[in-house]
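What you see is a predicted model, and the numbers here were worked out from it, not measured in a lab. We count ligands from 1, going down the list as the structure has it; atoms in each ligand are counted the same way. All values below were derived from every heavy atom in this structure, side-chain atoms included, with hydrogens, water molecules and symmetry-related copies excluded.
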Amino acid sequence: MKGVINNATTDPNKILPMTYHWARQYYKDGVANNWVPEEVPMQQDIELWKRQGSGALSEDERRMIFYNLGFFSTAESLTANNIVLAIYRHLTNPECRQYLLRQAYEEAVHTDTFIYCCDSLGLNPDEVYNMYHTIKSIKQKDDFVVDMTKSVLDPTFSTQGTKNIQRFVHDLVGYYVIMEGIFFYAGFAMMLSLLRQNKMVGIGEQFQFILRDETVHLAFGSDLINTIVKENPEIWTEDFQKIITQNIKQGVELEDQYARDCLPRGILGLRPDTISQYLQYIADRRLERIGLQKLYGASTPFPWMSEIIDLKKEKNFFETRVTEYQTSGNLDWE
Ligand code: FE
Ligand code: MN
């Protein structure tokens, strides 16, 4: 029996010879992207965050930044916990596990980023780290993911049998496609739009690094889903495809509500309707990436987001700004 899951002959300690070279490649891509938040100076951010009067951030800009810090500060830990506690147990293939360990480390770096941001800006941690309870639009996203991914967290769950493989893939879509592929993207667009205006440049650069990591997480998750479907084609029924598509659609709606809550009136260069359009555009990409029909047919209102995603920073930690790039040709980042 062969396969990425339910393979009785898999020895999780024996990584060579290797079957899934894409998993190995994502591991290497992750290592090549190595970074830590302390490389990014926060002096300008601290100054701008505290500034009053002329040149200060508007109330709407502050709200947008604060909400995104609130969402991401706990979402990164939620993702790390899901990988380590739920997916890792069932994915015994050694090259996939090597990638999951790398991803788990990157989530730890992301968690560290928000500690660093809170410390630098002097934010109240009790407030920021409680926003996933107190802010409805954040809570709804997190509850949706927790709810959609509980099969795999059940200690009695196994991936044996068609129904259970479907449950596993269903939850993988929740973790990878919806959480990392949709729920992070309104935030990326908002924070990187500010960066383009030279506002909160430290946090903006950190979001750029996180975005780069997340695109690899999403690519790994999509290839994992596609591999399981290819090896177990009986799970990919029309009904099952409908359920997955419906979940992604609901994810887009929740992300849209979140974006409107972060940014009720819009700021320079960024309006709630434009973010909606962007979410529809990326949702179509996510659907197609896992072999489903697209839903929206929207074009991207933010071509500069693709430019950021398509570029790879050269490894030069002496640069204080992310200005040195090399093109990566081999991955469909968005
Ligand atoms: Fe992350
Ligand atoms: Mn991630």
**Q.** Passing candidate, side-chain contact (heavy atoms from CB on, under 4.5 Å) with Cys117, options Val128, Leu123, Leu69
**A.**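 With Cys117 as partner, side-chain contact (heavy atoms from CB on, under 4.5 Å) holds for just one option, Leu69.
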Have a look at [X] and say which of its N, O or S atoms is nearest the Fe ion (ligand 1).
X      : answer
Glu76  : OE1
His110 : ND1
Glu214 : OE2
Glu107 : OE1

Q | Hphob cluster co-occupancy, Leu254 + Ile243, side-chain heavy atoms under 4.5 angstrom | A |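 Looking at the clustering, Ile243 is in a separate group from Leu254.
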Q) For the hydrophobic clusters of this structure (ILVMFWY residues joined by side-chain heavy atoms under 4.5 Å, transitively), does one cluster hold both Tyr105 and Leu100? A)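 They do share one cluster, since a chain of ILVMFWY contacts under 4.5 Å joins Tyr105 to Leu100.
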Q.
For a distance under 2.8 Å, tell me if Glu106 has an N/O/S atom near the Mn ion (ligand 2).
A.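 False for Glu106.
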**Q.** the Mn ion (ligand 2) to nearest N/O/S of Glu214 below 2.8 Å
**A.**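 It does: Glu214 brings an N, O or S atom closer than 2.8 Å to the Mn ion (ligand 2).
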How is the N/O/S atom of [X] that comes nearest to the Mn ion (ligand 2) named?
X      : answer
Glu107 : OE2
Glu180 : OE2
His217 : ND1

**Q.** Pairwise side-chain contact, Trp22 with Thr227, heavy-atom cut-off 4.5 Å (strictly under)
**A.**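 Yes, close enough: below the 4.5 Å cut-off.
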Q. Of the non-hydrogen atoms in Ile248 and Ala283, which two are nearest, and what is the gap between them?
A.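 So the minimum-distance heavy-atom pair works out to CG2-CB, 4.5 Å.
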Q: Locate the shortest heavy-atom distance separating Tyr20 from Gly3; write the atom from each residue and the value.
A: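 Scanning both residues completely, I find the closest heavy atoms to be OH-C, 3.2 Å.
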Q) To the nearest 0.5 Å, what is the distance between CD1 (Ile115) and NE2 (His110)? A)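 Those atoms lie 13.0 Å apart.
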